[in-house]
Structures are given as structure tokens and as C-alpha cells.
Amino acid sequence: MRVSWSWQVLLVWAFLIGAASALAGGYWDDAWHTERGRDAFFIAPHIAIYAGITLSGSALGLLLARELLARRWESRAPGPLVWIGVIALGGTLASAPIDNAWHIAFGRDAVLWSPPHMLGIVGAMGLAYVLLLHLREHTAPPVFPALAGGLVVAAAAFAVAEYETDVPQFAAVWYPVVLGFSVAVACGLVRAAWSTQWAATSASLVQTVFLLLVGGLLLALDFDAPLVSLTVVCGLAIDLAARRGLGLAASGATVATGIVLIVLPLRQATGDLGLSVAEVAVAIPATWLACTSGLWLAAGGPRRRFPVLSAVTASLAALLAFVGPAGAHDPGQGDPAGTVNWNATVTDRAAVLNATSGVLCSGSSARFVGRRGGQVVSTVWSGGGCSRSARLTFGVSGRWFTYLEVRTPVGVVESWIPLDAGATSRVSVPARYAYRVAAPGSTRAVKAAAGVLVYGGVLVFLLLLARAAQPMTTGVPTATRR
């Protein structure tokens, strides 16, 4: 059905602006947590996120409502996009209260890959993808599919934002694996919905420009900017593989080769990824498997020819539920417990630390701990009374979150500051907040089971998106899908 776009253009632009605001707010929120730590709910990044989701969800809802009314007027059944859009919006909005309940139940879990956070990320990706499918079914200006596809890739690529903002929570070997899986899924979905030869490349280029703009905004606001994503390598590899008619395994190998030969060396040179030779050897087959599984999932999931991939993809998704607690920073979980005056001198990979606080006066023991990407270094303190000093040696270059942990009669109290190893600097942070560490309220087994449940729901939703792009599902003839 051809529909005039004169009245819908504003709604599409409203969605694009709202979705871009939410994603930019996510990077801003990450930088805020990294550099300022504890925050209140009504801070600018949170407002950008939730206002953006509200705007994009409302705009998409109006577009789909118009579609639903048109179908009823013509006595046709509601299309699947209406229900998928409702599910995407519901999942995105529900991720916030679920995340709050998650912290209450399981304590510290301030990591991007926690199931509630991934629910919000995939929900946002789903909203952008529903718009892209809606654009496919109508006559729309070419710029709209490009921008919508770019937002699909941008939402998926946010899964590795912690690595690209130098706050890795887990080992570096996970970076190429998760990058390959998430971008393969996103670019595969974009190609299924947007019938142009260079759909994945175009969408990933839009994502790159978007991240450059976000980085410029954060620098103007005196925050660190994320590294430029190299999703265009994956997008180009997927388009080239499709042009050559390669099979699923060969296409996955093409994307994985681009990640291993281009993305990882550039990331090693421009950042502090710190992959060892042994980790690269593990990452190569794992990245191929992740890319292949992502493309398979984007193609519609289970088929008789790929029973092994069905099991492997489910295992990859469930595995994150068992990775364990985050090994890097925590923006503050627990009740306030005073302040700490920090002073640090960093020389190469060593830091001389001094902390002064009333909390230390009543503490029975204390230590300094550095955390980065699953690595933990610690040292006992020297000094006495209300002041402690120590020398801490870091394992690799990059941003380390350095904690003061104090055991007191009321429990463990923490305070932390970020320090950049590999350079020379002096850091002074007066009156840094301290907090009582919240004890987890449930066992690890319960947390793992809850994680598998949420990740399973995310996988099912991705399959719904992939199936919605198939002609037999949407009712759109193949010949008109341009």
C-alpha cells in the first residue's frame, strides 16, 4: 500500500531524534559514571535517555497505530510489526525497573552486560528495526532507511561500549567475540530489511558518523570521548560476502577475518585493549563462531541444516550469565558512609596512594585494590589512624579503578577513583564519596537462572525481528522490497 509521506515525515524525524538522544545519553551516562561516580536519577544523561525513549516510542507508536487503523479499515489482520513494536517498547521501558530490582536482589552488578542492561539495548535496537521494516513497506525518502539502519547498528555496537571507553569490565578476549556477534546480527537484520547492495556498509557508516558526533559532544562537555567504532569493517565484510554468494560459515569467516586483521590491531594501537598472544589465539575461532552465529540468527534462526548453530548460539548467550561479577568499577552500591580525601601519584604502571577519612579511624583493616577488565591487584596499607598510604603496581596500561576497602563494625565501606596507568600524573580528589557495600540478597545460582531467563527472552525477541523481515511473514512481495 502506497501512503503519502507528507504527514509522516515529522513522526519519522521525531523517532530518529529521540533514538539518537537515547543512545547518545547512554554514552554520556557511561562517561558520567566513570568520571563522577555516584549520581542522582535526574541528571542530564538520564534525562536524555528516557526523554529520547519516550519521544521515539511515541512517534513509532503513532506510525504503527496509523498502520493498524488502515488494516482494520481494509478488513485486514494486524501485521506483526505492531506487536513486535509493542514488545520492543515494553522491553526497553521495563529494563529500568528490572535493573533496579536486579541490584536489590544481587548487589553489585554495575556492568553493561548485565541481563537488564542488555534487555534495554536490544529493545532499543528493536525499535529502530521496526521503523526500518515500516519504511520498507511504504514509499519513503532514501535517507530514512539509511538513518534507521544506522541506529540499529549503533544500538547493537553499544554492547562493547565499555571497551571503547576504556572501562572494560571483563577480559579483553571477549571484545572481538561480542563485537562480532552483535554487529553481525545488526548488519544481517539491516540487509534483510533494506534491499540495497551496500546496506550493511551504509548503516555502519551512519553509526560511525553518529559516534563521531557523540564524541565531539562529550569532549565539549569535558568528558572523555569513546573510540570510533570500526563497525564499518564488519558491514563491508558482510556486504562483500553477500555479493560473492558465500555461505553462512564462509561469511562468518570473512567478518571474523576483518575483525582479527583490522579491528584488533587498530584497537591495540589506539587504545589499551591489551590482548595477549594466547588471548588472540582463543579469540580467532571464538570470533568466527560468534560472527557465524550472529548471521545465522539474523537469517531467521533454527533451520534443519544448522542444528549445531542453534545450540551454540543459545550457549553463547547463556554464557554471559555465568561470566561472574564485574571486575572493574562500581558507581556506588549501598548507603552513603562519609567521604575520603584521595591523593595519588601515577608513574608508568605504579601509583603511590594516600587516603584520609574518618571511616579509617574506626576500621579494623583496610587495603587498596585496583580493578580493570577482570584483573585485580591489591596491597596492604601503611600508616595508621585516619590515614593510609600504599604503593600499587598495575598489570597493564589503561584506566584502573582504584578502591579503598575498609572493614568497619557496620560492614565493608568503599571509595574509589579512576587512575590512568601507563602515564605520569598527579590526582587529588577531596571529599570523594564512600558507601557501605550492599550484600547480595540471593545466591549465585538464582542470579544465573534469572540471567538465563532474561537472555533467553532477548534471543527470542531477536528471532522475532529476523522472522519479521522474511517476505512470507510480512506479506511484502519480494519484488517490491526495494
Side-chain angles (χ1 to χ4, degrees), residues 84 88 121-122 124-133 135-136 145-146 148-160 176-207 229-259 263 287-303 305-306 309-310 312-314 316-317 458-474 478 481:
I84 293 177
I121 290 171
V122 174
M125 186 181 79
L127 290 175
Y129 193 61
V130 169
L131 175 66
L132 181 59
L133 291 174
L135 295 172
R136 184 187 70 175
L151 287 173
V152 172
V153 177
F158 193 77
V160 292
V177 176
V178 176
L179 175 68
F181 180 79
S182 58
V183 177
V185 170
C187 287
L189 288 173
V190 169
R191 280 193 59 87
W194 185 17
S195 298
T196 183
Q197 290 184 341
W198 301 103
T201 304
S202 301
S204 57
L205 280 173
V206 170
Q207 184 268 344
S229 292
L230 299 172
T231 58
V232 67
V233 173
C234 302
L236 182 60
I238 290 172
D239 284 337
L240 289 175
R243 284 175 62 86
R244 291 183 174 274
L246 300 182
L248 192 65
S251 297
T254 303
V255 182
T257 299
I259 292 175
V263 175
T287 302
W288 167 78
L289 185 58
C291 294
T292 304
S293 297
L295 292 173
W296 164 83
L297 191 65
R303 296 288 189 272
R305 293 177 56 191
F306 304 114
L309 277 178
S310 302
V312 168
T313 301
L316 283 173
V458 167
L459 267 180
V460 170
F461 178 67
L462 288 176
L463 282 172
L464 286 176
L465 292 180
R467 298 292 176 85
Q470 305 302 318
M472 68 284 292
T473 303
T474 60
T478 303
R481 291 179 60 192

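Computed from a prediction, not measured in an experiment: that's the story for all the values here.
Closest of all the heavy-atom pairs between Ala199 and Val190 is O-CG1, 3.9 Å. Nearest heavy atoms, Ile121 versus Ala155: CG2-O, 3.2 Å. Between Ile238 and Val183, the shortest heavy-atom contact is CD1-O, 4.4 Å. What you find for Ala184 and Cys291 is that their closest heavy atoms are CB-O, 3.6 Å. Shown here for Ala128 and Ala148, the closest heavy-atom pair between the two residues is CB-O, 4.0 Å. The shortest heavy-atom contact between Gly235 and Ala200 is O-CB, 3.5 Å.
A distance-only check finds a donor-acceptor pair linking the side chain of Arg467 to the backbone of Gly300 [under 3.5 Å]. The backbone N or O of Thr201 sits less than 3.5 Å from a side-chain atom of Ser204, completing a donor-acceptor pair. Judged by distance alone, the side chain of Trp288 and the main-chain N or O of Ala249 form a donor-acceptor pair under 3.5 Å.
For the atom pair Leu462 CG and Leu189 CG, the distance stands at 7.0 Å (nearest 0.5 Å). One distance of note links OG1 of Thr196 with CZ of Arg191; it measures 8.5 Å at 0.5 Å rounding. Atoms CG and OG, on Leu236 and Ser202 in that order, are 10.5 Å from each other to the nearest 0.5 Å. Leu151 contributes atom CG, which lies 10.0 Å from atom CG of Leu132 (distance to the nearest 0.5 angstrom). With rounding to the nearest 0.5 angstrom, the CG atom of Leu465 is 6.0 Å from the CD1 atom of Ile84. Atoms CZ and OH, on Phe461 and Tyr129 in that order, are 11.0 Å from each other to the nearest 0.5 Å.
Remark: Ser229 pairs with Glu164, Gln207 by the side chain to side chain donor-acceptor pair (under 3.5 Å) rule, at least two apart or across chains.
A donor atom on one side chain and an acceptor atom on the other are not found under 3.5 Å apart for Thr292 and Trp296.
A heavy-atom distance below 4.5 Å is found between the side chains of Phe181 and Ser293. Side-chain contact between Ile259 and Val233 is absent, with no heavy atoms from C-beta onward closer than 4.5 Å. A heavy-atom distance below 4.5 Å is found between the side chains of Leu246 and Thr254. Between Leu297 and Leu459 the shortest side-chain heavy-atom distance falls below 4.5 Å. Looking at Phe158 and Val153, their side chains never come closer than 4.5 Å, going by heavy atoms from C-beta outward.
Applying the side-chain hydrogen bond (donor to acceptor under 3.5 Å, both in side chains) test to pairs two or more places apart or on separate chains, those with a residue in residues 240-253 are Gln197-Arg243.
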